[in-house]
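Working notes, structure below.
What you see below is based on every heavy atom in this structure, not just the backbone, and it leaves out hydrogens, waters and symmetry mates.
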Amino acid sequence: IAANVSYITEIHGYAFKITDSTTGEVYYEDDQDLHNDHFSYNGTWTDTISHPATLQLQIIAVIDANGTAATKTINIKTLP
């Protein structure tokens with residue numbers, strides 16, 4: 001998982017999450033506090049799912065201390 005994220009003001013944190021879109025099972029999750037207007041992310045997830053599935057990768061940037069967030073969701077199809 002590689003991403004470059006930027007915003008016009010300070011980003012307070014971020015989360016990367018991979019879930020099964022049907023069951024909601026979480027396969028990957030990483031979140032960090034951050035105080036910058038941009039960041040680069042590199043993470044590794046190994047697909048160990050033994051059946052075809054539709055997953056969702058969510059990239060969440062927390063924009064302020066009140067928890068306001070911007071989210072990008074990408075659908076992923078996985079095959080065993």
Side-chain angles (χ1 to χ4, degrees):
I1 303 167
N4 292 310
V5 178
S6 62
Y7 194 64
I8 57 173
T9 62
E10 183 177 75
I11 299 169
H12 287 252
Y14 64 82
F16 284 76
K17 188 174 184 179
I18 296 176
T19 57
D20 186 304
S21 65
T22 303
T23 66
E25 184 174 351
V26 177
Y27 293 105
Y28 178 89
E29 190 167 22
D30 186 14
D31 58 83
Q32 301 291 323
D33 287 331
L34 176 75
H35 295 282
N36 205 333
D37 65 350
H38 67 281
F39 67 92
S40 294
Y41 181 83
N42 286 298
T44 301
W45 170 68
T46 302
D47 183 356
T48 59
I49 301 170
S50 61
H51 60 281
T54 300
L55 307 178
Q56 290 186 328
L57 167 62
Q58 288 186 312
I59 303 169
I60 304 160
V62 180
I63 298 168
D64 62 30
N66 295 325
T68 304
T71 302
K72 175 68 176 176
T73 301
I74 301 167
N75 291 316
I76 303 167
K77 294 209 182 263
T78 183
L79 301 171

(request) Using the side chain to side chain donor-acceptor pair (under 3.5 Å) rule, collect all pairs that involve residues 47-63, keeping only residues at least two apart or in two chains. (result) D47-T78, T54-K77, Q56-N75
(message) Please determine whether side-chain contact (heavy atoms from CB on, under 4.5 Å) holds for the pair L55 and W45, giving the CA-CA distance in whole Å, both sets of side-chain angles, and the decisive distance to 0.1 Å.
(response) CA-CA 13 Å; L55 307 178; W45 170 68; 3.5 Å; yes
(message) Under the rule for ring pair (Phe, Tyr, Trp, His ring centres under 6.0 Å), what residues qualify as partners of F16, not counting sequence neighbours?
(response) Y14, Y41
(request) Using the test side chain to side chain donor-acceptor pair (under 3.5 Å), find all partners of Q32 that sit at least two apart in sequence or belong to another chain. (result) D30
Quick one: side chains of residues 61-71, donor-acceptor pairs under 3.5 Å with protein atoms, not counting sequence neighbours, listed by atom name and distance.
from, atom 1, to, atom 2, distance (Å)
D64, OD1, N66, N, 2.9
D64, OD1, G67, N, 3.2
D64, OD1, T68, N, 3.0
D64, OD1, T68, OG1, 3.2
D64, OD2, T68, OG1, 3.0

(request) Using ring pair (Phe, Tyr, Trp, His ring centres under 6.0 Å) as the criterion, list what pairs up with H35, not counting sequence neighbours. (result) H12
(request) Could you tell me whether the side chain of T19 and the main chain of S21 form a donor-acceptor pair under 3.5 Å? (result) no
(request) Could you list the residues that satisfy side-chain contact (heavy atoms from CB on, under 4.5 Å) with P80, not counting sequence neighbours? (result) P52
(request) Quick one: list whatever passes side chain to side chain donor-acceptor pair (under 3.5 Å) with D33, sequence neighbours left out. (result) none
(message) Taking Y7 as the starting point, is it possible to reach I60 by hopping between hydrophobic residues whose side chains are less than 4.5 Å apart?
(response) no
(request) State, to 0.1 Å, how close A3 and I59 come at their nearest heavy-atom pair, and which atoms those are. (result) CB-CD1, 4.5 Å
(request) Name all residues meeting the side-chain contact (heavy atoms from CB on, under 4.5 Å) criterion together with D37; count only those two or more places apart in sequence or in a different chain, and write none if there are none. (result) none
(request) Taking all non-hydrogen atoms of both residues into account, name the closest pair between I1 and Y28 and its distance. (result) CD1-CE2, 3.7 Å
